[in-house]
Each structure stands twice: as structure tokens, then as C-alpha cells.
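Remarks on the structure that follows.
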Amino acid sequence: MNKKPIVLTVLATALFAACGSNSTSVQEANEDLTCFVDPKIGTGGHGHVFYGANVPYGFVQLGPSSIPQLWDWVSGYHVSDSTVIGFPHTHLSGTGIGDLHDINVMPVTGEVTYARGDESSYDTGLWSYSDRSKEVVTPGYYKTHLLRYDIDVELTATKRVGFHKYTFPADEKPAIVFDMVNGGCWDAPTEAFIQVVNDSTVSGYRYSTGWSSDQRVFFTAVFSKKFENVEFIADNATKSGKEAKGKKLFARVNFAAGQEEPIYLKVALSPTSEANAQLNMQTELSGWNFEKTIADAKEAWNNELNKLKVYTNDEASKRIFYTSLYHTMFAPSVFCDVNGDYYGADHNMHKGEGFVNYTTFSLWDTYRAAQPLMTLLHPEKMSDIINTMIHIYQQQGKLPVWHLMGCETDCMVGNPGVPVVADAILKGIKGFDMEEAYKALKESSMLPERGMEHRIKYGFIPADLMKEAIAYDMEYAIADWCVAQAALKLNKQDDYKYFLERSKSYKNYFDPTTGFMRGKMLNGSIRTPFDPCASTHRDDDYCEGNAWQYTWLVPHDVEGLVGCFGSKEAFVNKLDSLFIVDSHMGDSSSPDISGLIGQYAHGNEPGHHTTYFYTLVGQPWKTAERVNEILHTMYTDKPDGLSGNEDVGQMSAWYVLSSMGFYQVEPAGGKFVFGYPLFDKVEINVPEGKFTIEKENKGKENKYIQHVILNGQDYKKAWIDYADIMKGGNLKFVMGDQPVAWF
């Protein structure tokens, strides 16, 4: 029997046990919180999470990529499949569309076929099975064993450099292949180039198109040992010489046989040039200390994870919490060189302009919870995030919608960059030009495109003029409210009135006879026939949802939505029904509509605020019940532990915020509405020190907030403001078994 897998399992179990043994004792600063992170959570089901080595917000996300180019493999990895075609340096995490997987590196021995291949035979490609019993992943480190080649693989990373360690069989002739062809899912190369710089260095670039239409990644790669030669296979033909270019390009770097020591490889990325890739390597990873780089990556993760400490005896919840927090820090990812140079939204290379440029803005998802969480935990990064978005506006004429690698994908509905910028204005984030930011808000909200031309002309989007009309319009209404609040703060009264009025356009769709949002036609008629449960993926009046779910997409105007129903009682009765009606939506429904409780869909973002409506209409005990249920049923510490796509941190951010006891319902401004506190105690590092959240009268039966005490004084609001959190203090939830409203 091979004892190694058993040893690894025992070590992993011991590690988690050591982490949890004193979980309710006083915790010290710089505690090793990475031992509570289980990167495998979300690699099963439809979680789509990245699984590999990276540091917080790093450009390099280095990990395996598998053969399948299917929906559940958009991150390159799924727990159901152990094939490996290589170890690319860029990945996405939790998306519903696949791209990236740039600069793919695969260690090999012997003759191979230069292709992705399929599982029918090793002869079809470079691929190998990974020995999952030997696979180890911790924050900043990845390890596996390639069965086909008998090669041990270890990976770690800095922000812009991937560091590889390959241990080859002593009797084989080692080789490392640069595969510039096989990216992720919908990605396709348009041009690639590799040149030999010296006897231990190669460099080049990869241009591609896909979800990101004009993607460019430059690299330099240095080996710890001199290589014998480099073989090029360009557009299916062998090329001689010191360099090669082609749409389909492979480069095989060959080493002498009998390598008893591991071969190390450092690959630095740049969005602008090979020279800057070299600069990035010199700055971030000039040496060859692999173990120190692992330790540095671990320290980088601990520096971020320690911003938020939770105290509990519930070990599973603690693992879920810190894994969730870990997942929220994959993106936005740094998209510039160490000198600040970056690839802009105008597809030009820009010199450093005094800010850190970012990419991977999954804003339709993240404006709801991930970005508000970032303002709490990482306010020091927010000025760079907003400056990035302002520069995107200046270069492409609007704020980002779903921005990836310098390219606007225009993916998803509405204007989701607007709430993020408005939120920063309203919260008083420093370090950016507020007037320019407001200009970006206003101009982005007046562009006659993507349905906005209909809102400007008719006051709403007629459902007979475009698909997903309700979803587009209601998301635009949310963004308009955000512009209005920013205008009010900046004393732009005319704009405030205009955008506030336009933020009520959702009322055009409300049908009082059924109590649902229904498609409204240009002539004023409403959509018939009508089934509130029905959903046809990207081909009806909603977007990845139905009438049951979209009727509640009014986080900015709860009072107005209550008014649509005619009374608070009618509103609450309808909201109660959401969670208990039959979950069936028809055979054509979107796979994104998942995590169902009745027709409430936690696996998709438009409903993430909905449970908190109960608190805002005076029945906070119902919020507590539903949030408690979701925390314990929609999140687990297993590979399929997410109820839907991770969506670049949003699904996890909901857990992080909600488990602390609150959630930002309004899309901008910082009112964190109370729900249910999961943990005994939470400590948040804030600029003025610590903000502590405590739960008094613990116990499963005591799931309702009875009283709230802020800094020793009774607190009579249903929410706490961002400013009160950021200046530090103590928030105490006094719990009990009685459903009451304390405000």
C-alpha cells in the first residue's frame, strides 16, 4: 500500500485540528489563519473557483488546467476530473464564461503530441492524469504528481511572477513545454511569439481573443539550469532558429538527462512588454528561494485574512468563513507592472500614472456585496480601484460593465460600475477626483446604448423592443438612484431630481393584479401569457431569473416597492410566499438560477439583498430566520459547498458580511442592515483600531436579535452606518428566542 496519501490526509487533519483547538481563546495578531482556508471548497458543483497558487489580488494565478472546455471548467479545474494539460499563469474564479489560461507550461518527458488531446489516449496530446491523492493546496502553494511522466509539480507565486518546481525521474530527459495555444474555454490565440534570450531564458507574448476581445500578455521565463536547446512548433510545423511566431505556437525547452535536482522556473508576466516582465521579475522575485516564496505568499494571505477575526466553536463555519474571505481576494487583480505601466481600455500601453491599475471587474455580481466588503476591509485599495474605473471611463467613454484584461465585455445587464463609484463618493473614500468621478457616473448613465436609449425616450424599456428589458431597466434604476445620491452629496440639485425620478422606472413593470414585475410593451399593454415561475435563459424579459425573483430587485427604494403592493401587509405576505412556493421554473431555465428556497435563488446575485427586506419593513426576525437558514444550507465545507458560481467573490462576500450580522442593502452609501450574527465575536481591523461585534445569549434557540448596543448605548436603528464601523467601537447583539423589533 502507498502510505504517502494517508500521511498527507493525516497531516491535513492535524493542521485543521491545530487551527481549531483554541478557537475561542484570545487570538494573537498575525495568527496563521491560512490553516482555516480549504481551497477545495467550490471546486465541485458549479462553484467554478480557481484552484492553485496566488497572492491576494495578484495578476498571476498559477494552477492546473484540464482537458474539458465546458461550463464547469471555466476556472480550469473541477473536482470530478483529474486531467492536466498544463499550468497556465492566469485564471478566472467563479465566472460563468471562460477565458485566460495564458502562458501555459507543461513539464514532459519523451515524445509527445503537441495538442490539448482527449482522454481516449495519451497519444492525443500533452496531457497527463494528476494523482489527486498527492495533491496539496494551501493559500499561495500548489502541489501534485503527474502520473504519465512521473513528475512532481510544486507551484507558488508573487503578484506578477509564477514560480515552478519540477522534480523529474532521474533516468529521463527533462523537457518543459510552453503551450501558447490552449487557453480557457472560449479563448483562442491570435498571435504568439517566443525567443531564446540566452541559455537559461526565453521570453515572448501571447495575443488572444475570446470573452476579452483583444487580450495581450507578455512574459519572460528564467530556468535554474541551462537548457540544451529549444524546439519550436509553429502552426503545425517544426521551426529552427532562436525564435518563432505563429497563431499556434509551442516551444519545447530540453535539458540534459540525469537531472537529480529539481528544475526551477520563474515566469514573470506583464500587460505591456517583455522588458517590463523582466523588470517585474527583478523587483518581485530576483532570487531562487522557493520555500521563502511560499512563506512570503502565506504571509501575504495572513496579512489580509487577519484584518477580520472570528471566534466560534463551530469549526465548519470557521473554515467556510475564512475560505470565503480568501475567495473574495482573488479579484480585482493587479493589471499593471511594478512601475505602474498598464494596458488601457483604449488598447494602448500607458505609462504609470500614479495609481495601481486593476482588472477582472465582475461588477453585476460584485457591486452588491464584494465591493462594499472591500470598502470595509481594504479601504487603502479603494482609491486605486476607483482611479482604475475613472481611467477606463476616460479611455472607452463609460464606466466598466464587466472589464477583463483591458477589454470591455459588456457582459450582463444594467450599469453596474455606477454603484461602486457612487459608493466611494458617498463613503468619503479619498485619493481620487470626485468631480471627474461624478462626470463618469453621469455620462455613463446617459449613453444611448444597451437599452438606455429607450429609457431616455420612453421612460422605460419596452419589452417588445429588446430581450431582458425588465432586468436591464431595473438594474439601470438602481444605478440611477446611486447617481442621484452622489449628486445630492455634491450639491447638484437638478441632477439629483432627474436621476431620482428615473430611479423609479421599475414601477412601469409592476402589475397590481398579480403582484409581479411583468414585461410592458411600447403600447402600454403587458406581457401575456404570463407565468411568474417561468424562465428562459437569456431569452425572456428577465436575466437569469423570473418574475418571482425580479419583483424584489428594488434595494434602493423599499418604501416605493411597498407602495406598489398597496400596504406593508400585502408586501410581507408576497415576500413570505417567495420562500414557500414551488421551485419549478421549467426546462428552459438558466442554470445560474440555483440555491433555491421556494423561488428565492441564492445561487444567483439579483436576490442577495431580498431577505433583508424583512428588517426594513419592521419584521427583523424573519430576516434572521432566512439568513440563518442560508448560512447553514447554502454554504458547506465540501467541494460542492457553494450554491452557485462563486462569481469573482460575490457569493463568498455575502457569507462574510451576513455571518457578521449585517448586509449593505442599498447599493451605495453604507447602510449595513442587521440580520443574524453567526459568530460569538468578530473583530474588524479599521483605520481607527478595531470594530468588535459580540453576540450575547448564544444558543441555537436564541436566533433573534432582542437589543442592539453600540459603544455601551442602546441602539434603535435597523442598520449601522459605514462611518460608525470605520471609526472603531463595539457592537453588541443581545439575542433571544422571541421574534421582536428592537427599533
Side-chain angles (χ1 to χ4, degrees), residues 23-24 308-314 317-318 321 369 376 555 558-559 562 568-569 571-573 575-576 578-580 597 600 608-635 654-666 670-684 686 690-725 727-743:
S23 59
T24 56
L308 191 50
K309 291 187 177 181
V310 298
Y311 299 76
T312 181
N313 286 318
D314 184 346
S317 291
K318 195 166 187 178
F321 180 87
L376 283 176
V558 180
E559 185 177 342
V562 170
K568 189 175 293 186
E569 181 182 13
F571 174 91
V572 170
N573 287 340
L575 187 54
D576 289 343
L578 172 69
F579 296 95
I580 59 176
I597 303 173
Y600 170 79
H608 272 187
H609 64 281
T610 307
T611 56
Y612 288 88
F613 276 175
Y614 284 120
T615 296
L616 291 174
V617 297
Q619 296 188 7
W621 57 90
K622 291 184 179 179
T623 294
E625 289 171 349
R626 291 302 179 187
V627 170
N628 191 353
E629 179 182 5
I630 294 165
L631 288 170
H632 286 99
T633 62
M634 297 297 165
Y635 298 86
W654 189 97
Y655 186 93
V656 172
L657 285 172
S658 292
S659 66
M660 290 194 291
F662 47 56
Y663 187 87
Q664 182 174 301
V665 174
E666 291 178 348
K671 285 183 181 177
F672 289 87
V673 177
F674 296 140
Y676 170 78
L678 179 62
F679 298 110
D680 300 346
K681 182 180 176 182
V682 178
E683 291 178 349
I684 309 172
V686 295
K690 288 190 185 299
F691 185 79
T692 303
I693 304 167
E694 295 182 272
K695 184 166 69 170
E696 188 176 292
N697 297 341
K698 300 182 289 289
K700 287 187 177 181
E701 298 303 316
N702 294 336
K703 59 186 177 183
Y704 304 118
I705 299 172
Q706 308 291 295
H707 305 286
V708 178
I709 300 171
L710 179 63
N711 299 324
Q713 303 294 318
D714 280 349
Y715 190 76
K716 297 299 183 182
K717 293 182 181 179
W719 61 82
I720 186 168
D721 290 313
Y722 173 79
D724 288 329
I725 298 173
K727 63 189 178 187
N730 178 270
L731 177 69
K732 182 179 289 186
F733 294 112
V734 180
M735 308 300 290
D737 60 2
Q738 296 301 308
V740 299
W742 66 91
F743 49 87

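Here the structure is a predicted model, which is why all the values come from computation and not from measurement. Values reported hereafter were calculated over all heavy atoms of this structure, with side chains retained and with hydrogens, waters and symmetry mates removed.
For Glu625 and Tyr676, the side-chain atoms include no donor-acceptor pair closer than 3.5 Å. If you check the side chains of Tyr600 and Thr611, you find no donor sitting under 3.5 Å from an acceptor. Checking Tyr704 against Asn628 by side-chain atom types alone, no donor-acceptor pair falls below 3.5 Å.
Residues Val572 and Tyr614 meet the side-chain proximity criterion, which asks for heavy atoms closer than 4.5 Å. Phe743 places a side-chain heavy atom less than 4.5 Å from the side chain of Pro620. Put simply, the side chain of Asn697 does not reach to within 4.5 Å of the side chain of Gln706, judged on heavy atoms. For the pair Ile684 and Ile693, the minimum side-chain heavy-atom distance is below 4.5 Å. Under the 4.5 Å side-chain criterion, counting only non-hydrogen atoms from C-beta, Pro555 is not in contact with Tyr612. Inter-residue side-chain proximity for Leu616 and Glu559 is flagged as unmet; no heavy-atom pair is nearer than 4.5 Å. Two residues are said to be in side-chain contact when any heavy atoms from C-beta on lie closer than 4.5 Å; Lys318 and Val310 meet this criterion.
Here the shortest heavy-atom pairing between Gly675 and Ala624 reads O-CB, 3.7 Å. When all heavy atoms of Gly661 and Phe733 are compared, the closest pair comes out as O-CZ, 4.1 Å. Shortest non-hydrogen contact noted between Asp314 and Thr312 is N-OG1, 3.0 Å.
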Set out, in order, the CA-CA distance, both residues' side-chain angles and the distance that settles side chain to side chain contact (heavy atoms under 4.5 Å, CB included) for Gln664 and Val673, then state yes or no.
CA-CA 6 Å; Gln664 182 174 301; Val673 177; over 6 Å; no
Test log, rule side chain to side chain contact (heavy atoms under 4.5 Å, CB included), inputs Tyr655 and Leu631
CA-CA 7 Å; Tyr655 186 93; Leu631 288 170; 3.5 Å; yes
Start with the C-alpha gap between Val708 and Lys717, add the side-chain angles, then the distance that decides, and say whether side chain to side chain contact (heavy atoms under 4.5 Å, CB included) holds.
CA-CA 8 Å; Val708 178; Lys717 293 182 181 179; over 6 Å; no
One pair to check against side chain to side chain contact (heavy atoms under 4.5 Å, CB included): Asp714 and Ile709. What are the steps and the verdict?
CA-CA 5 Å; Asp714 280 349; Ile709 300 171; 4.0 Å; yes
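We find the CG-OG1 distance between Leu575 and Thr610 to be 7.5 Å, quoted to the nearest 0.5 Å. For the atom pair CG of Leu376 and CG of Leu308, the computed distance is 9.0 Å after rounding to the nearest 0.5 Å. Taking OG of Ser658 as the start and NE2 of His608 as the end, the distance is 9.0 Å to the nearest 0.5 Å. The distance from the CD1 atom of Ile597 to the CZ atom of Arg626 is 6.0 Å, given to the nearest 0.5 Å. Remark: Lys681 NZ to Asn730 CG distance equals 8.5 Å, nearest 0.5 Å. From Trp654, atom CH2 reaches atom CE of Met634 across 9.5 Å, with rounding to the nearest 0.5 Å.
The backbone N or O of Lys671 sits nowhere less than 3.5 Å from a side-chain atom of Asp721 that would complete a donor-acceptor pair.
Listed by first then second residue, pairs satisfying salt bridge (charged side-chain N to carboxylate O under 4.0 Å, His left out) with a partner in residues 691-700 read Glu696-Lys732, not counting sequence neighbours. For residues 733-743, there are no side chain to side chain donor-acceptor pair (under 3.5 Å) pairs, not counting sequence neighbours.
Applying the side chain to side chain donor-acceptor pair (under 3.5 Å) rule to His609 yields no partners; only residues at least two apart in sequence or on another chain are considered.
With Phe662 as the partner, the side chain to side chain contact (heavy atoms under 4.5 Å, CB included) test is satisfied by one option alone out of Ile720, Thr615, Val627: Ile720.
In this pair, Phe571 and Phe613 present their aromatic rings tilted. The plane angle is within the 30 to 60° band.
When ring centroids are compared, Phe321 and Phe679 come within the 6.0 Å threshold.
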